[in-house]
There are 2 protein chains.
Amino acid sequence: MSRYIVRMPGPRFTLDRSSPVPLYFQVAEQFEHAILSGEIAPGERIDNEIALAKDLGLSRPTMRQAIQVLVDKGMLVRKRGVGTQVVHGKIRRSVELTSLFDDLSAAGQKPRTEVLAVGKVAAEEDVAHELQLSIGDDVWSLERLRFVGKQPLAVMHNFIPLDVVDLDAVDLETVGLYAHMRTSGILMRVARQRIGARGAGAEEAALLGEKKGSPLLTMQRTAYDNAGRAVEYGRHAYRPDLYAFELTLVDR
Amino acid sequence: MSRYIVRMPGPRFTLDRSSPVPLYFQVAEQFEHAILSGEIAPGERIDNEIALAKDLGLSRPTMRQAIQVLVDKGMLVRKRGVGTQVVHGKIRRSVELTSLFDDLSAAGQKPRTEVLAVGKVAAEEDVAHELQLSIGDDVWSLERLRFVGKQPLAVMHNFIPLDVVDLDAVDLETVGLYAHMRTSGILMRVARQRIGARGAGAEEAALLGEKKGSPLLTMQRTAYDNAGRAVEYGRHAYRPDLYAFELTLVDR
DNA sequence: GTCAACCCTTTGTCCTGACATATTGACGTC
DNA sequence: GACGTCAATATGTCAGGACAAAGGGTTGAC
């Protein structure tokens, strides 16, 4: 049945049919772990879908769905008539709908946030346009300075429509804006980002401990909720010696 | 059956079952067109999967697969128990496995390329590491300067293993590196990118018409083929006033 | 010995059917 | 009138089967 390098998950994979976690997801998780741990090496082929499904007592569509999850992540590649094989193990987490705070926390670092200013301001043209409001409408404005250790990392400026959340009663130095929005029931599903670069302004430079005109990495992001409503617009500037955007692209 | 805003594609959607194009893809294309043209506006709900499937004479799994394509693109959002609705129409094409040349061509602009240097060089540490080679191994090195109109836009430096393609016989000023690799049978499926910023070096600055130390947007990319083999590593620098990376994120 | 035709393997697509679960709105009770 | 319950609705998950198409290897003819 198998010819060259083929891995049979066999009894190492366990399924819990009483768990609320979908079967395809359970399989995908265990496959991902096996790949990340090096148990299945890059270049290796895995067994074909039908054999895997039979092995695990699943239907082929469910097995396919499990594999699809990892194909979407860029860990597996399918070739018709040939098989499915591991592309590479170490996937740097692709860009996701999380904040820098989440990024750094996950990396085991200790981020610190200093709120520079928070309050209501009249929306300028670009803010109004991105948030689907009229120029002059009041919006929340939030300016923060982010540190890693003792080093200033980023200046972040967010704008949020008043009816989305209330920022007055929140301690944004400890909670994190995105976490607060999530607990407020705001689900962000889609976001558009624009990543660029420019020279630092005088104020930014002072905050970040750089010189005026020194290069900064910039990111603008507009996030939308379930209903397609713009719920957040942010303009951020990062010190390029401390931060970069990493992403994994998958051709589909 | 429908309550508020619901769109029934009905007879406007046509299917060609004799076409080699998969049915789910045909449906997805027509839905995408209807959304992009504004025929179905952001916020509107579309009919439920079962009704749509019945309407088009398809099974529900096929209909689901069609919708899934657009969900992955960030154009549609599903909510269990509620329905599926349009998030927003104008999706800026997410970052894909294409080159800057493709980007600009698609935008209707006329890019021009000047090959600064092409030849074999010994791989330095980072190049060898990214391309899974040993330090000192020969690799293709390709340096190009990209223009939009008469303005220099980017300095691009690519490294390619010798056994992947032959760059000697190619006119890389007209063809484009990625196009050449594709026609050579190299299929790039996964790539890892790192986007950052830094000040321009003296040489770069002169090429790009900027001053030494002025901010540049940088991108490093390693591309892998079907078999997980690293086939290209590139270090590029862009003028930030002329170029930025735009991408659409979808939470899944 | 070279090259074309054929066959086998594996994924791609599509179908029918079923049950689970989240959400909403309507109904009924207190 | 407020609140909890229940039913309707729509997506989420899973099963099992069938045929198509592509890739790779083998076989056979020339």
Side-chain angles (χ1 to χ4, degrees), chain A residues 1-8 15-29 44-72 76-86 185 187 189 225-227 252, chain B residues 1-8 15-29 44-72 76-86 185 187 189 225-227 252:
Chain A
M1 171 194 280
S2 327
R3 303 186 59 85
Y4 294 117
I5 318 165
V6 174
R7 300 295 298 225
M8 190 77 106
L15 294 180
D16 179 3
R17 295 188 95 95
S18 67
S19 163
V21 179
L23 293 174
Y24 76 88
F25 197 80
Q26 292 185 37
V27 177
E29 274 185 321
E44 272 189 281
R45 282 212 311 275
I46 63 175
D47 255 345
N48 70 63
E49 298 171 350
I50 300 186
L52 284 172
K54 188 183 172 189
D55 248 34
L56 296 170
L58 295 171
S59 69
R60 190 184 158 210
T62 302
M63 195 61 231
R64 258 185 87 73
Q65 196 175 0
I67 293 175
Q68 188 63 45
V69 172
L70 301 183
V71 170
D72 287 342
L76 295 179
V77 170
R78 291 202 254 233
K79 278 189 282 188
R80 187 195 303 208
V82 180
T84 303
Q85 59 181 271
V86 179
L187 283 177
R189 295 295 284 270
D225 71 357
N226 274 336
R252 276 186 288 188
Chain B
M1 166 189 269
S2 325
R3 304 185 58 85
Y4 295 117
I5 317 164
V6 174
R7 302 293 300 225
M8 190 77 108
L15 294 180
D16 180 2
R17 295 189 96 95
S18 66
S19 162
V21 179
L23 293 176
Y24 76 88
F25 197 80
Q26 292 184 36
V27 176
E29 274 185 323
E44 273 189 281
R45 284 213 309 275
I46 64 175
D47 255 346
N48 69 64
E49 297 171 349
I50 300 186
L52 284 172
K54 189 184 173 189
D55 248 35
L56 296 170
L58 296 171
S59 69
R60 190 185 156 208
T62 302
M63 194 62 229
R64 258 184 86 76
Q65 197 174 1
I67 292 175
Q68 188 63 44
V69 172
L70 301 183
V71 170
D72 287 342
L76 296 179
V77 169
R78 290 202 254 231
K79 278 189 282 186
R80 187 196 299 208
V82 180
T84 303
Q85 60 181 277
V86 178
L187 283 178
R189 295 293 284 271
D225 71 355
N226 273 336
R252 277 185 289 189

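Naming convention: chains lettered A, B, ... in sequence-line order (proteins, then strands); numbering from 1 in each chain.
- You'll find that the side chain of Pro22(A) is closest to dT13(D), out of dC15(C), dT13(D), dT24(C).
- At least one side-chain heavy atom of Leu15(B) sits under 4.5 Å from a side-chain heavy atom of Leu56(B).
- Computed from coordinates, the Arg64(A) CZ to dC14(C) P distance equals 11 Å when rounded to whole Å.
- Nearer the 5' end of DNA chain C, as judged by each residue's closest nucleotide, is the contact made by Gly83(A), out of Gly83(A) and Pro20(A).
- Contact between the side-chain N/O atoms of Thr84(A) and the OP1/OP2 oxygens of dT10(C) is not found at any separation under 4.0 Å.
- Atom pair Met63(A):CE and dC14(D):P shows a separation of 12 Å (rounding to whole Å applied).
- Between Lys79(A) and Phe25(A), it is Phe25(A) whose nearest contact on DNA chain D lies nearer the 5' terminus.
- Taking Arg78(A) as the reference, Glu49(A), Gln68(A) meet the side chain to side chain donor-acceptor pair (under 3.5 Å) condition, with sequence neighbours excluded.
- Computed from coordinates, the Leu76(A) CG to dG12(C) P distance equals 12 Å when rounded to whole Å.
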Within the sub-3.5 Å range, which N or O atoms of nucleotides 16-18 of chain D have a protein N or O partner, and how far apart are they?
from	atom 1	to	atom 2	distance (Å)
dA18(D)	N6	Arg60(A)	NH1	3.3

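- For the pair Gln68(A) CD and dG12(C) C1', the computed distance is 11 Å after rounding to whole Å.
- When the P atom of dG24(D) is taken as reference, atom CZ of Arg80(A) falls 13 Å away, rounded to whole Å.
- Distances shown here put every side-chain N or O of Arg78(B) at or beyond 4.0 Å from the OP1 or OP2 atom of dA10(D).
- Atom CG of Asn48(B) and atom CD1 of Ile67(B) lie 9.0 Å apart (nearest 0.5 Å).
- Per the geometry, CD1 belonging to Ile46(B) stands 18 Å off P belonging to dT9(D), to the nearest Å.
- In this structure, Ile50(B) atom CD1 and dG17(C) atom P are separated by 12 Å, rounded to whole Å.
- Contact of the Arg17(B) side chain with the Leu58(B) side chain is registered, since non-hydrogen atoms from C-beta on lie closer than 4.5 Å.
- Rounded to whole angstrom, the span from the CD atom of Gln85(A) across to the P atom of dT11(C) amounts to 11 Å.
- Between Ala66(A) and Ala28(A) the shortest heavy-atom distance is O-CB, 3.7 Å.
- With sequence neighbours left out, Ser19(A) forms a side chain to side chain donor-acceptor pair (under 3.5 Å) with no residue at all.
- To the nearest 0.5 Å, atoms CZ (Arg64(B)) and OG1 (Thr84(B)) are separated by 8.5 Å.
- Under 4.0 angstrom from either OP1 or OP2 of dT13(D) there lies at least one side-chain N or O belonging to Tyr24(A).
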